[in-house]
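Notes follow once the structure below has been shown.
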2 protein chains.
Amino acid sequence: MTEVKKDLRYIRTRKSIMDAFMKISEKKDFKDITVKDITTEAMINRATFYYHFVDKYDLLEKVLSEVFLINLNDEIIKDYVLNEEVIVNLFLAITSFNSSLSSRCHNGYEETIARIIKEQLEIIFYKMLQRQSEGEERDRIASVMLSWGIYGAAIAWNKNSELPPEEYIKLVIPHLSSGFYKEPNKKD
Amino acid sequence: MTEVKKDLRYIRTRKSIMDAFMKISEKKDFKDITVKDITTEAMINRATFYYHFVDKYDLLEKVLSEVFLINLNDEIIKDYVLNEEVIVNLFLAITSFNSSLSSRCHNGYEETIARIIKEQLEIIFYKMLQRQSEGEERDRIASVMLSWGIYGAAIAWNKNSELPPEEYIKLVIPHLSSGFYKEPNKKD
DNA sequence: TCGAATATGTCGTATATACGATAAATGACT
DNA sequence: AGTCATTTATCGTATATACGACATATTCGA
């Protein structure tokens with residue numbers, strides 16, 4: 001389907017646009033970013049932007065869903081299973097998007113961002129859980145809870161914490177690895 | 001003359017090539033760098049490299065002479081005169097090329113590199129000295145001595161010192177600002 | 001020493017992108 | 001309200017670049 005372009009020019013330009021967008025996102029709120037900003041940073045013509053994306057919202061969707069699967073697929077999903085390192089890295093990936101996250105949600109686009117991120121997280125968690133699977137439906141639910149949980153933690157970190165994100169998320173790792181509470185009466 | 005191209009594609013691609021080259025230079029010795037290495041890193045076709053440069057030696061010359069005048073012209077030469085900050089920055093710029101510099105000089109290309117860098121340094125020093133000029137010929141000679149001196153210091157730093165380059169060069173700053181020796185009998 | 005791989009340059013053709021123009025939408029200021 | 005400036009989005013044409021093929025060098029291990 002959707003015709004995967006493999007012309008090097010296309011790939012490089014697409015990457016330039018996405019990199020530029022992410023760089024600008026670190027300083028500017030999403031709603032204040034113009035297509036001109038992006039094309040200037042990416043050193044491409046404005047018309048070329050529209051050759052690749054419908055508009056900046058389209059770009060946002062694709063950046064969010066691809067950056068996760070690119071940055072993380074390669075080094076993490078391939079042979080890793082769910083563990084501390086994975087969770088920390090995912091958390092860092094989310095918080096690095098603080099630009100879009102931290103802004104007031106008065107234009108209603110934050111929900112879309114949140115939705116996309118959580119969808120991607122869910123996909124990743126599900127893939128990883130299946131490697132050590134103990135039931136498909138259980139994995140599904142676990143993926144949902146983890147995606148919402150991690151994302152929520154990122155939001156909370158953004159609002160409150162002065163801790164570095166890495167330390168912040170590590171505080172809760174014990175609960176994720178060994179459970180949130182102790183079985184009251186367990187053999188052995 | 002030489003037809004300054006201003007097509008954005010040309011500019012972006014040229015920059016990509018130079019950035020890629022500098023990045024690779026930090027890890028690989030110049031003589032071990034292939035055109036393929038550069039084009040892969042820059043995400044461009046090999047043929048395109050030859051559209052921009054004759055060969056990797058041509059690229060080296062242009063990188064060396066432009067990087068100095070780009071990185072330094074903007075922030076330094078414009079309204080600055082010769083001072084501590086300028087000297088430190090120039091020194092850092094040179095040492096950051098340690099890749100090519102530090103290699104054994106058995107292919108004889110180090111001399112070319114040295115020549116180009118010194119030429120560029122001389123141009124920069126001369127421009128700066130002229131702002132506070134006390135004679136054209138004196139400025140010329142001073143530029144020559146400074147360019148050779150700074151460059152030599154960079155080479156020496158590379159061979160011997162464990163000091164950070166910034167500290168290293170700062171040790172000699174007093175001599176550059178106040179002279180290498182005291183006038184034996186000076187009025188006042 | 002000899003092949004076999006890898007690197008260098010060059011060329012013709014196809015295509016992604018630059019450029020400039022355009023119209024319409026949006027926003028800021030009086 | 002209206003104007004001015006900026007941004008969005010689309011178009012036709014020109015051009016820089018990708019691609020693949022090619023002939024030479026160069027490197028390197030058997």
Check the distance between [N]'s [atom2] and [X]'s [atom1] and give it to me in whole angstrom.
| X | N | atom1 | atom2 | answer |
| --- | --- | --- | --- | --- |
| B:Lys36 | C:dT8 | NZ | P | 10 Å |
| B:Lys15 | D:dT17 | NZ | C1' | 19 Å |
| B:Ile38 | C:dG9 | CD1 | P | 11 Å |
| A:Asp7 | C:dT13 | CG | P | 18 Å |
| A:Asn45 | D:dT8 | CG | P | 13 Å |
| A:Phe49 | D:dT10 | CZ | P | 11 Å |
| B:Ile11 | C:dC19 | CD1 | P | 7 Å |
| B:Lys6 | D:dA16 | NZ | P | 12 Å |

Which one, [options], comes nearest to the side chain of [X]?
| X | options | value |
| --- | --- | --- |
| B:Thr48 | D:dA18, C:dT17, C:dA18 | D:dA18 |
| B:His52 | D:dT10, D:dT17, D:dA16 | D:dT17 |
| B:Ala47 | C:dC19, C:dT17, D:dC19 | D:dC19 |
| A:Val35 | C:dA16, D:dT8, C:dA18 | D:dT8 |

Cation-pi check, A:Lys56 onto A:Phe21 ring (under 6.0 Å, within 45° of axis):
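No - A:Lys56 does not lie over the ring of A:Phe21 by the 6.0 Å and 45° rule.
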Between A:Arg12 and B:Arg46, which has a closest nucleotide on DNA chain D that is more 5'?
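Its nearest nucleotide lies further toward 5', so the answer is A:Arg12.
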Among side-chain atoms of B:Asp19 and B:Ser16, is any donor-acceptor pair under 3.5 angstrom?
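Not at all, the side chains of B:Asp19 and B:Ser16 share no donor-acceptor pair under 3.5 Å.
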Distance-only donor-acceptor check, side chains B:Thr13 and A:Arg12, under 3.5 Å:
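Their side chains do contain a donor-acceptor pair, which is all the 3.5 Å distance test asks for.
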Does a nitrogen or oxygen in the side chain of A:Tyr51 sit under 4.0 Å from OP1 or OP2 of C:dA16?
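Yes, because at least one side-chain N or O of A:Tyr51 sits under 4.0 Å from OP1 or OP2 of C:dA16.
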Which residue in the set A:Leu121, A:Asn158, A:Asn89 passes side-chain contact (heavy atoms from CB on, under 4.5 Å) when paired with A:Ile94?
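Result for side-chain contact (heavy atoms from CB on, under 4.5 Å) with A:Ile94: A:Leu121.
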Carboxylate-amine/guanidinium proximity below 4.0 Å for A:Glu136 and A:Arg140:
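No, A:Glu136 and A:Arg140 are not salt-bridged.
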Establish whether the base of C:dT17 is bridged to the side chain of B:Arg9 by a donor-acceptor pair shorter than 3.5 Å.
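Side chain to base: pair present.
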Tell me what A:Tyr10 touches on the nucleic acid: a base, only sugar-phosphate, or nothing, going by heavy atoms under 4.0 Å.
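Sugar-phosphate contact only.
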